[in-house]
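We count ligands from 1, going down the list as the structure has it; atoms in each ligand are counted the same way. This structure is a prediction, so every number in the text was calculated from the model and none was measured.
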Amino acid sequence: MTVFSTESFADHEQVVFVSDAPSGLRAIIAVHDTSLGPGIGGCRMYPYASEEEALRDVLRLSRGMTFKAAAAGLDYGGAKAVIIGDPKTAKTPALLRAMGVAVDRLGGRYVTAEDVGTTVDDFAEVRKTTRHVVGLPAELGGSGDPSPTTALGVFIGLGAAARYRWGSHRLAGRTVAVQGLGNVGWHLCRLLADADAALVVSDIDPGRAAQAASAYGARVVEPEAIYAADADIFAPCAMGAIIDDGTIDALRAGIVGGAANNQLARQEHGFRLRDRGILYAPDFVINAAGMIRVASEIDGFDQALVDRRVARIATTLQAIFERADADAITTEAAAMDIAGQRLRAARARNAAALAT
Ligand code: NAI
């Protein structure tokens with residue numbers, strides 16, 4: 001297995017391979033970039049088929065967190081952890097506490113949180129051996145479920161996209177197709193319904209879709225019919241890689257923006273959206289509000305500060321849309337560029353401070 005020459009290594013500052021024989025813990029912690037501040041990122045537990053797969057995943061995800069935090073204007077960096085194992089069978093309190101010890105050894109350079117395969121309850125256990133944990137329930141000193149805040153950020157971002165595309169941020173009278181009615185999608189529907197937008201929804205759980213129909217007057221379509229729904233906006237809030245050759249051709253919406261991570265199946269799909277005149281709000285920018293919320297726990301949770309930072313998603317997206325049009329690049333590339341500028345400036349400041 002190679003590490004430094006792995007494509008996704010991408011200049012990681014630190015990659016830590018963790019092993020704890022008594023609990024059976026095998027994990028990788030990847031700290032991509034701490035130029036702006038401590039690296040924040042979830043800890044995923046997954047039965048990876050190989051160590052290479054786990055390494056690739058953690059490197060890719062931690063780099064993504066760097067750009068997400070930088071684009072959100074946060075003074076935090078990007079990091080991520082993966083535990084190799086099946087969460088259904090291999091997750092024990094001892095293993096979680098051992099993971100906490102590993103996180104603690106990094107002295108705050110990595111701040112962990114729940115992710116796929118781990119739960120808030122698991123982190124109550126992790127918290128016993130490290131204080132570098134965010135996203136806990138209020139009774140455990142955290143800021144609670146971030147999903148409603150993520151939904152608010154998406155809602156604000158869709159308003160910014162609507163203003164750029166149609167001259168007004170108001171979504172009243174617009175039709176929004178929401179894919180996935182889970183923690184984020186459900187709250188997003190509520191915000192959209194309150195703003196007098198019409199809803200078309202889909203979920204692989206028909207019961208959930210029926211609930212949205214009765215709560216918000218949403219029109220329910222089959223999961224595969226959501227792309228071609230007659231809607232102004234398509235809001236993916238289920239899984240990633242849903243924007244591909246087939247779905248781009250089907251889309252009738254003028255805007256794509258939602259909570260799902262890694263929505264573009266490949267980078268080139270950003271260009272294809274652009275060619276079709278569809279305005280894409282990059283996922284890692286529009287879905288950052290949950291991260292903004294949990295990150296604020298590090299310096300003491302402050303709702304007013306969180307609200308201000310979440311509201312900034314609109315101005316950041318405006319800058320991204322303008323840059324993309326001015327330079328004839330994708331909105332994703334423009335977002336990376338804007339985040340990259342913050343990172344380069346922080347690195348230069350840090351280097352100058354070291355030299356004095
Ligand atoms: P969730 O697991 O609560 O909800 C996902 C929903 O999508 C479920 O109701 C599921 O039945 C549905 N679904 C799955 N496949 C589908 C399909 N093919 N078509 C239609 N519906 C489908 O997840 P949550 O927390 O709402 O997150 C949604 C997405 O946003 C995920 O990709 C997540 O990674 C991302 N995200 C979530 C954040 C949060 O604060 N919860 C923050 C940033 C990103």
Side-chain angles (χ1 to χ4, degrees), residues 40-44 46 57 60-61 64-65 67-69 71-72 74 78 80 87 113-120 123 134-137 142-158 176-191 199-213 215 218-229 231 234-244 246-247 250 256-265 281-297 306 309-310 313:
I40 303 184
C43 174
R44 183 168 283 199
Y46 191 79
D57 206 30
R60 185 180 60 85
L61 292 165
M65 293 306 288
F67 283 90
K68 188 167 181 161
L74 296 173
K80 199 87 184 182
E114 68 163 309
D115 203 272
V116 175
T118 57
T119 66
V120 165
F123 278 87
V134 291
L136 290 172
S143 63
D145 179 11
S147 306
T149 307
T150 301
L152 178 63
V154 172
F155 178 75
I156 288 171
L158 291 180
V176 185
V178 180
Q179 178 184 48
L181 302 165
N183 291 323
V184 181
W186 185 266
H187 289 287
L188 179 63
C189 284
R190 178 178 47 79
L191 293 165
L199 293 169
V200 184
V201 300
S202 73
D203 198 294
I204 48 169
D205 174 353
R208 197 73 178 157
Q211 276 177 343
R219 188 162 71 82
V220 176
V221 296
E222 291 300 317
E224 60 282 3
I226 195 79
Y227 305 104
F234 172 53
C237 296
M239 62 300 171
I242 29 78
I243 304 293
D244 60 21
T247 57
V256 172
N261 285 311
N262 305 317
Q263 291 169 25
L264 304 180
D283 45 24
F284 68 92
V285 179
I286 198 169
N287 75 8
M291 183 201 200
I292 292 172
R293 183 181 181 91
V294 299
S296 77
E297 290 173 26
V306 170
R309 285 180 171 159
V310 171
I313 288 176

Starting from [atom], what is the nearest protein heavy atom, named by residue and atom, and what distance separates them?
atom	result
atom 8 (C) of ligand 1	Asp203 OD2, 3.6 Å
atom 6 (C) of ligand 1	Gly182 N, 3.6 Å
atom 26 (O) of ligand 1	Val184 N, 2.8 Å
atom 32 (O) of ligand 1	Ala238 O, 2.7 Å
atom 43 (C) of ligand 1	Asn287 O, 3.7 Å

For ligand 1, note which part of [X] has a heavy atom under 4.0 Å away: side chain, backbone, both or neither.
X	value
Ala259	both
Thr150	side chain
Leu181	backbone

Ignoring hydrogens and angles, tell me if any N or O in the side chain of [X] forms a donor-acceptor pair with the backbone of [Y] under 3.5 Å.
X	Y	value
Asp203	Ala209	no
Gln263	Gly258	yes
Asp115	Cys43	no
Thr247	Tyr227	no
Glu297	Val134	no

Please determine if [X] has a nitrogen or oxygen closer than 3.5 Å to a nitrogen or oxygen of ligand 1.
X	result
Asn183	yes
Asn261	yes
Asp205	no

query = So is Arg208 in contact with ligand 1, going by heavy-atom distances below 4.0 Å?
reply = no
ask   = So, for Asn287 and Val154, which heavy atoms are closest and what is the spacing to 0.1 Å?
value = CA-CG2, 4.4 Å
request  = Taking atom 2 (O) of ligand 1 as the reference point, report whether a protein heavy atom occurs under 4.0 Å from it.
outcome  =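 Under the 4.0 Å cut-off, atom 2 (O) of ligand 1 has no protein heavy-atom neighbours at all.
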Qualifying residues under salt bridge (Lys or Arg N to Asp or Glu O under 4.0 Å), relative to Asp145, sequence neighbours excluded = none
ask   = Among all residues two or more places apart in sequence or in another chain, which pass the side-chain hydrogen bond (donor to acceptor under 3.5 Å, both in side chains) test with Thr149?
value = Arg293
